[in-house]
Amino acid sequence: MQYLISVIDNRTGSSTPEEDAAIDAFNEQLVAGGHWVFAGGLSAPSDATVIDARGDGEPIFTDGPYLESKEHVAGFWVFEAPDLDVALKLAAAASKACNRRLEVRPFL
Amino acid sequence: MSDVQEAITRVHHEEWARVVASLTRRFGDLDIAEEAAAEAFATAVERWPADGVPPNPGAWLTTAANRKAIDRIRRESKRDDKQKEAQMSYDEPPEPLGVIDDERLRLIFTCCHPALAMETRVALTLRMVGGLTVPEIARGFLVQETAMGQRITRAKAKIKAAKIPYRVPSAEDLPGRVSGVLSVLFLVFNEGYLATGPDTDPIRHELTAEAIRLTRLIRALLPEDGEVAGLLALMLLTEARRTARVSASGELISLRDQDRGAWDRALVAEGHRLVRERLATRLPPGRYQILAAINAVHTSARDAADTDWSQVVALYDQLVRVDRSPIVALNRAIAVAEVDGPEVALATIDRLGDKLSGYHAYHAARADLLRRVGRSQESRTAYDAAIELAENTAEVAYLSRRRDQLAG
């Protein structure tokens, strides 16, 4: 079972060296526990491009994120976990490590 | 009601949670378990009047529900091959009922999972463990049936998609998970104690008994948890008064007028033991322990006039500090009336009107205080409001008589 853990933030590139160190340590635990699948930080929402190729013509590119909001996804993890209890426990540790709120969402 | 209908109602109350729990474990799917259990009971309603009630109704229902579930999985696996044929044997003997008792605890921890909203946990527990129908639950929460149905459907979908586990939490997680379960059990108990609905028995003993049974189970797991002990004591001291609480004609009897000789002494004694046990720890009590202590004061009085009301008010003062709900403030005011008089209490209660105007007990308490200070006309209006909002048949009968006895 895999879970997407989105890091919720209202700024980008805002992590402190202490937070980075805590995230590295947490990631090592994830790997050691067999829960690591993937993780990454994202650049600013203003760097995003929305693409719509549903119509007959050329794809339409729109500068900026699909949703303007105060908060955005600043990074993510993908955990491998047997159930939601394990995923929530890991996510609680991840939230502490990166010092941000997180959203846990299961893959289909 | 015929004997068979009565038997079906009784079996439904006794066996519903067991059937749902055993099917959930077997098929790993709450939705399948619930639907198959509901279909099995519907089949019983059709067949038992003609065929008679089987000698072991629980086993009959579990077998019938298993078949319904397997039928559904077979139908669905034509489209979706995830389910293994190996799981689906008609011949597997039903679980002995004793083993499934603990399954109900799993069921309740799943229904009370912290990743679900509180209102969802209550709804799911009442449906899956309590066996209430969606309309009954919707009425209890004063929401539309469709909205309640969607809430339960979404919860089941989330449990499945997010893989909320079907198990009793580990020892380390248990304390944190228990408090959510206690709130849910208390709500289930209250639904049994003051059942809602025009055609519902005023007291649904099977719900109060189920809430007590599950609380006892949790207490066996967590003997040191003060709030578990407190909630159990509170339930026992309330349940002890059950038979004294409704008259032969189906009318609620107030605590003051109850025949105290009819209280269940064993339950009172057990409740008092639990309260004393908690007092002896000298640890600060939570809300259930304080509520239990209040009930211990009431059940210690030989008759209503002997009640130590200043002790009750002192306990409510303590309760207000941990629970700022206006309902606590209302109950405190009712106790204050016995110490400082109805005028003082009335002044407090009138200030709660904004928050509690939709709550029948607010109007009932106000009606009683207005009656005692001789404001009959206003009392009558307040009784009317209380009767309009009350959903318990015995309470409606009681309030109507009190209103009709008003002078003028």
Side-chain angles (χ1 to χ4, degrees), chain A residues 1-9 22-23 25-40 42 66-67 69-108, chain B residues 21 24-31 33 76 79-84 103 105-118 120-121 124-125 128 153-181 184 218 221-222:
Chain A
M1 185 79 192
Q2 293 190 340
Y3 296 87
L4 174 69
I5 286 76
S6 305
V7 179
I8 304 163
D9 202 354
I23 291 167
F26 171 73
N27 285 341
E28 278 168 31
Q29 282 172 25
L30 270 188
V31 173
H35 299 296
W36 169 273
V37 179
F38 195 75
L42 297 173
Y66 77 99
L67 188 68
S69 64
K70 268 190 178 170
E71 293 181 310
H72 58 263
V73 175
F76 66 93
W77 276 276
V78 178
F79 292 165
E80 178 68 47
D83 59 47
L84 187 67
D85 280 359
V86 176
L88 290 178
K89 208 166 264 186
L90 293 169
S95 171
K96 228 174 240 325
C98 72
N99 194 28
R100 299 289 186 280
R101 291 195 304 141
L102 307 179
E103 181 198 85
V104 176
R105 211 163 142 187
F107 280 82
L108 278 175
Chain B
T24 303
R25 200 190 54 163
R26 178 156 177 209
F27 299 103
D29 189 310
L30 271 180
D31 192 45
E76 288 181 355
R79 302 190 300 267
D80 178 349
D81 210 22
K82 275 185 184 169
Q83 297 283 347
K84 292 187 194 73
E103 293 296 324
L105 201 54
R106 286 174 194 240
L107 187 62
I108 206 166
F109 273 111
T110 301
C111 292
C112 298
H113 196 274
L116 301 170
M118 189 63 201
T120 302
R121 295 180 216 171
L124 207 55
T125 302
M128 299 298 172
T153 302
R154 272 200 303 271
K156 287 185 296 190
K158 177 169 178 176
I159 287 169
K160 195 176 179 179
K163 217 172 164 193
I164 288 179
Y166 188 58
R167 64 162 173 255
V168 175
S170 62
E172 127 192 58
D173 294 337
L174 206 51
R177 292 285 300 278
V178 166
S179 112
V181 171
V184 169
I218 292 171
L221 285 168
L222 282 177

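Order of the sequence lines fixes the chain letters, A, B, ..., with proteins taken first and strands second; residue numbering starts at 1 for each chain.
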Using atom types as modelled and no hydrogens or angles, find all donor-acceptor pairs between chain B and chain A shorter than 3.5 Å.
| residue | atom | partner | partner atom | Å |
| --- | --- | --- | --- | --- |
| H113(B) | NE2 | D85(A) | OD1 | 2.5 |
| A162(B) | O | Y3(A) | OH | 2.6 |
| K163(B) | O | L84(A) | N | 2.8 |
| K163(B) | NZ | P82(A) | O | 3.0 |
| R167(B) | NH1 | D83(A) | OD2 | 2.9 |
| R167(B) | NH2 | D83(A) | OD1 | 3.4 |
| R167(B) | NH2 | D83(A) | OD2 | 2.9 |
| D173(B) | OD1 | K89(A) | NZ | 2.9 |
| D173(B) | OD2 | K89(A) | NZ | 2.8 |

Would a 4.5 Å heavy-atom cut-off, applied to side chains only, mark [X] and [Y] as touching?
X       : Y       : answer
L90(A)  : I5(A)   : no
M118(B) : V184(B) : yes
L116(B) : I159(B) : yes
L107(B) : L30(B)  : yes
P106(A) : L84(A)  : no

Response to the item:
Nearest heavy-atom contact between V7(A) and C98(A) is CG1-SG, 4.2 Å

